[in-house]
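If you're wondering where the values come from, they're calculated on a predicted model, not measured in any experiment. Just so you know, residue 1 is the first one in the sequence shown, and it goes up from there.
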Amino acid sequence: EVQLVESRGGLVQAGGSLRLSCAASGFSFDDYAIGWFRQAPWKKREGVSCIRGSAGSTYYTDAVKGRFTLSSDNARNTEYLQVNSLQPEDTAVYYCADVRSSLTLRFLLGSPDRYDYWGQGTQVTVSS
């Protein structure tokens, strides 16, 4: 059974940091791309970053570039999203999801319907 389990998010002050994790079971990250998405209240879900397991290549949207960093622990089959310099506009439920595709990461991040499995979501709240 495929599962993606995200770590607990949290409440941080503006300028703070968090590290989110996405632990996978039932498949190997090597064969997939993992996307991170977020959804704020009354807003559409948006992709923020994506990593291809086999190559380790990454893509970040302009909204998070320079502040968010992806990393992998292949031994644990876990992906991490380090989020720094958080701002109130980063407040959202964050999700990881996997997709088996050779399409570009930029395209995949804009196509959430292509993803196969999703984590349960974790709340990140940034206070001003």
task = Ignoring hydrogens and angles, tell me if any N or O in the side chain of R67 forms a donor-acceptor pair with the backbone of S85 under 3.5 Å.
result =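 Checked: pair present.
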Quiz: residues 102-112 side-chain donor-acceptor pairs under 3.5 angstrom, not counting sequence neighbours:
from: T104; atom 1: OG1; to: F107; atom 2: N; distance (Å): 3.2
from: S111; atom 1: OG; to: F107; atom 2: O; distance (Å): 3.0

inquiry  = I'd like to check the ring pair (Phe, Tyr, Trp, His ring centres under 6.0 Å) partners of F68; sequence neighbours left out, ordered by chain and number.
reply    =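 Ring pair (Phe, Tyr, Trp, His ring centres under 6.0 Å) check on F68 returns nothing, list empty.
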Going by side-chain contact (heavy atoms from CB on, under 4.5 Å), name the residues that satisfy it together with [X], two or more places apart in sequence or in a different chain.
| X | result |
| --- | --- |
| T78 | S21, A23, R76, Y80 |
| V126 | V12, A14, L86, P88, D90, T91, V124 |
| Y117 | V2, L4, D98 |

Of all the heavy-atom pairs spanning [X] and [Y], show the shortest one and how long it is.
| X | Y | answer |
| --- | --- | --- |
| L81 | S49 | CD1-OG, 3.5 Å |
| T122 | S7 | OG1-O, 2.9 Å |
| C22 | W36 | CB-CZ2, 3.6 Å |

ask   = What residues, two or more places apart in sequence or in another chain, satisfy side chain to side chain donor-acceptor pair (under 3.5 Å) together with Q123?
value =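 So Q123 forms a side chain to side chain donor-acceptor pair (under 3.5 Å) with T125.
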key: Which residues share a side chain to side chain donor-acceptor pair (under 3.5 Å) with S17, sequence neighbours left out   =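 Counting only residues at least two positions away or on another chain, S17 forms a side chain to side chain donor-acceptor pair (under 3.5 Å) with N84.
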Atom [atom1] of [X] and atom [atom2] of [Y]: how far apart are they, to the nearest 0.5 Å?
| X | Y | atom1 | atom2 | answer |
| --- | --- | --- | --- | --- |
| Y115 | I34 | OH | CD1 | 8.5 Å |
| C96 | E6 | SG | CD | 4.0 Å |
| S25 | Q3 | OG | CD | 4.5 Å |

key: Heavy-atom side-chain proximity of I51 to S72 below 4.5 angstrom   =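 In contact.
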query = Is the NZ or CZ atom of R45 positioned over W118's six-membered ring, under 6.0 angstrom from the centre and within 45° of the axis?
reply =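 Because its charged atom sits under 6.0 Å from the ring centre and within 45° of the axis, R45 does stack over W118.
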Side-chain cluster (under 4.5 Å, hydrophobic types only) that W42 belongs to, other residues =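 Reading the cluster by chain and number, W42 sits alone, since nothing else belongs.
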request  = Scan for disulfide bond (SG atoms under 2.5 Å apart) pairs involving residues 48-93, sequence neighbours excluded, and state none if there are none.
outcome  =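 Counting only pairs at least two positions apart or across chains, no disulfide bond (SG atoms under 2.5 Å apart) contact touches residues 48-93.
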Ring centroid separation Y94 to F37 under 6.0 Å =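 No.
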V48-Y60 co-clustered via ILVMFWY side chain contacts under 4.5 Å =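 The answer is yes; both residues are in one hydrophobic cluster.
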ask   = What pairs with E46 under salt bridge (Lys or Arg N to Asp or Glu O under 4.0 Å), at least two apart in sequence or on another chain?
value =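 Checked E46 against salt bridge (Lys or Arg N to Asp or Glu O under 4.0 Å); matches are R38.
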message = Among residues at least two apart in sequence or on other chains, which ones pass salt bridge (Lys or Arg N to Asp or Glu O under 4.0 Å) with D113?
response =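 In terms of salt bridge (Lys or Arg N to Asp or Glu O under 4.0 Å), with neighbours along the sequence ignored, D113 is linked to no residue.
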key: salt bridge (Lys or Arg N to Asp or Glu O under 4.0 Å) pairs, two or more places apart, involving residues 9-20   =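 As it turns out, there is no salt bridge (Lys or Arg N to Asp or Glu O under 4.0 Å) pair with a partner in residues 9-20 once direct neighbours are skipped.
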query = Are a donor atom and an acceptor atom from the side chains of S127 and Q13 found within less than 3.5 Å of each other?
reply =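 Judged by distance alone, the side chains do not pair up.
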